[in-house]
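All values below were derived from every heavy atom in this structure, side-chain atoms included, with hydrogens, water molecules and symmetry-related copies excluded.
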Amino acid sequence: MSDIIKNIKENIPNLSKSNKRIAHFIIENVEDAAFLTAAKIAKEVGVSESTVVRFATTLGFDGFPQLQREISDFLKQKLHSPAKIDFENTNLKGSALVKKIMTDDSNRLLDSLNMIDETAFNAAVSMISKARKVYVVGVRSCEALASFFSFYLRMIVDDVVLISTSSSSEIFEQMINIDEQDVLVGISFPRYSMRTLKAMEFANNRNAGVIAITDSIHSPMNLYSSCNLFSKCSMAKLVDSLVAPMSLINSLIIALCIENSQKTVKRMEELEMVWNDYQVAANDEINYLDEELISDLKGLV
C-alpha cells in the first residue's frame, strides 16, 4: 500500500500555492483529514471547495473521496503495523523516563485548561442534569473514559446507559429508544472512532442532545454535537495519554455533583445504607464513602 503522506510531500515542490497549503494541512492534520469533508478542509485552509477537489486530481486520484479513502487506509495500516511503532525517548530510563512522561502530561493539562470553553462546559452540565436518560459511548482506549464517567454519573443521574461497543449493530439496539428528552455523550480522540461518530449521528437524528468530548474543533465528532468539550490527548506512538481527558471528565462530574447536590447527597446516603445492610463496603472497600465529601455537598443544599 502506498504512503499517501510521503506521496504528498514528494509532490509539494510541483504544487501551486493554494495546493501547497492544502498539502501542509493534510500532513499536519492527517487524522482529521480522514474525516473532514472537502468543504471543511477548504474552510480551514482558506480556499474554495473546488480547489480541494482539484488538489486530489492533481495527485492522480479520481476525486476527493478516493484521496480520503487513501488517507483512511494509511491510518489503518499505521495502526495495525507493529513494525512501524516508533518508541520515543528510548534513551531514557527509570526516574528520567517517569519525569519526562509526567512533565508531558502536565503540559497537556495546561494546554487543555486553556482550551476550556466555559459556556460549553456549563451547557454540558445543564444538558446532563435535565436529561431523562444519559447515554455514554467510547471505543478502544476511550472505553475506559466512558466507563469511569458513567460509573460516577450513576451517583447523580437517574438513568445512565454505558453503551457496549463490541458490535456496531448492537450500539443502535441499545440506543433504539433515544429521543429529545435524552442526551448522548460521545468520547473520541485520534484515532477517531467511526462507531462513536455513527452513534452521535443517530442520536442527533433522533433530536437528542449530543455532547462531544474530543481534542479540537477539527474533530469529526463535532459534526453531530451541539456542545463540544476539548482536551489534549497526544499519542506516544503506542499508548494514548488520557490524563487530560480524564481531568476534564472529573471536572464535569464534580460540577454535576454541585449542580445536583441535594440529589447526590440523598443517593449517596441511600447507597451507604444498602452497602451496610448487605455488607458490601465491609467486604470490598476501605473507607469507600467519603464523609467529608457528603458534608461539603450538604453545605450546598
Nearest-0.5 Å distance, [atom1] of residue [X] to [atom2] of residue [Y]:
X: E10; Y: N14; atom1: CD; atom2: CG; answer: 10.5 Å
X: R54; Y: E49; atom1: CZ; atom2: CD; answer: 11.0 Å
X: N260; Y: S129; atom1: CG; atom2: OG; answer: 4.0 Å
X: D62; Y: R69; atom1: CG; atom2: CZ; answer: 8.5 Å

Test Y224 against L197 for side chain to side chain contact (heavy atoms under 4.5 Å, CB included), laying out the working first. CA-CA 8 Å; Y224 303 108; L197 185 64; 3.8 Å; yes

With a 4.5 Å cut-off on side-chain heavy-atom distances among I, L, V, M, F, W and Y, is there a chain of contacts connecting [X] to [Y]?
X: L109; Y: F121; answer: no
X: V183; Y: F151; answer: yes
X: L145; Y: L113; answer: no
X: I156; Y: V136; answer: yes
X: I178; Y: F172; answer: yes

Under 3.5 Å, is there a donor-acceptor pair between the [X] and [Y] side chains?
X: N7; Y: D3; value: no
X: S48; Y: S50; value: yes
X: S231; Y: S112; value: yes

Are [X] and [Y] packed together at the side-chain level, in the sense that at least one heavy-atom pair is separated by less than 4.5 angstrom?
X: F74; Y: V30; value: yes
X: S147; Y: L162; value: yes
X: K232; Y: M115; value: yes
X: F64; Y: I41; value: yes
X: E170; Y: E173; value: yes

Taking [X] for the side chain and [Y] for the main chain, is one N or O donor matched with an acceptor at less than 3.5 Å?
X: T214; Y: F230; result: no
X: S126; Y: N122; result: no
X: E44; Y: K40; result: no
X: S219; Y: D215; result: no
X: N222; Y: S216; result: yes
X: E143; Y: V139; result: no

Minimum heavy-atom separation for [X] and [Y], please, with both atom names.
X: S164; Y: I171; value: O-CG1, 3.8 Å
X: A123; Y: C227; value: CB-SG, 4.1 Å
X: I163; Y: Q174; value: CA-OE1, 3.5 Å
X: I213; Y: V185; value: CD1-CG1, 3.9 Å
X: T196; Y: S188; value: CG2-CB, 4.2 Å
X: A33; Y: Q68; value: O-NE2, 3.1 Å

Applying side-chain contact (heavy atoms from CB on, under 4.5 Å), name anything that partners A23, two or more places apart in sequence or on another chain.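 Expected list: I8, I12, L15, F55.
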
Contact list for residues 111-136, test salt bridge (charged side-chain N to carboxylate O under 4.0 Å, His left out), sequence neighbours left out: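 Passing the test, one end in residues 111-136: R132-D179, R132-D182, K133-D159.
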
Could you name each residue pair satisfying salt bridge (charged side-chain N to carboxylate O under 4.0 Å, His left out) that touches residues 13-30, not counting sequence neighbours?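 Listed by first then second residue: nothing to list.
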
Audit row: I4, L67, side chain to side chain contact (heavy atoms under 4.5 Å, CB included) steps and yes/no: CA-CA 8 Å; I4 182 61; L67 169 61; 3.8 Å; yes

Evaluate the side chain to side chain contact (heavy atoms under 4.5 Å, CB included) criterion for residues V134 and L153: first the C-alpha distance (whole Å), next the side-chain angles of each, then the deciding distance (0.1 Å), finally the verdict. CA-CA 9 Å; V134 178; L153 272 183; 3.9 Å; yes

For a quick test of your reading: what N or O donor-acceptor pairs under 3.5 Å do the side chains of residues 244-253 make, sequence neighbours left out?
{"from": "S251", "atom 1": "OG", "to": "S247", "atom 2": "O", "distance (Å)": "2.9"}

Out of V161, V137, I211, which residue meets the side chain to side chain contact (heavy atoms under 4.5 Å, CB included) rule with L184?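 The passing option is V137.
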
So, using salt bridge (Lys or Arg N to Asp or Glu O under 4.0 Å) as the criterion, who are the partners of K198 when residues are at least two apart?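 If we apply the salt bridge (Lys or Arg N to Asp or Glu O under 4.0 Å) test to K198, skipping adjacent residues, the hits are E201.
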
Yes or no on side chain to side chain contact (heavy atoms under 4.5 Å, CB included) for T57 and F61, after CA distance, side-chain angles and deciding distance? CA-CA 5 Å; T57 58; F61 297 101; over 6 Å; no

Does anything in residues 175-200 pair up under ring-ring contact (aromatic ring centres under 6.0 Å, His included), and if so which pairs, sequence neighbours excluded?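 Of all non-adjacent pairs touching residues 175-200, those that pass ring-ring contact (aromatic ring centres under 6.0 Å, His included) are F35-Y192.
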
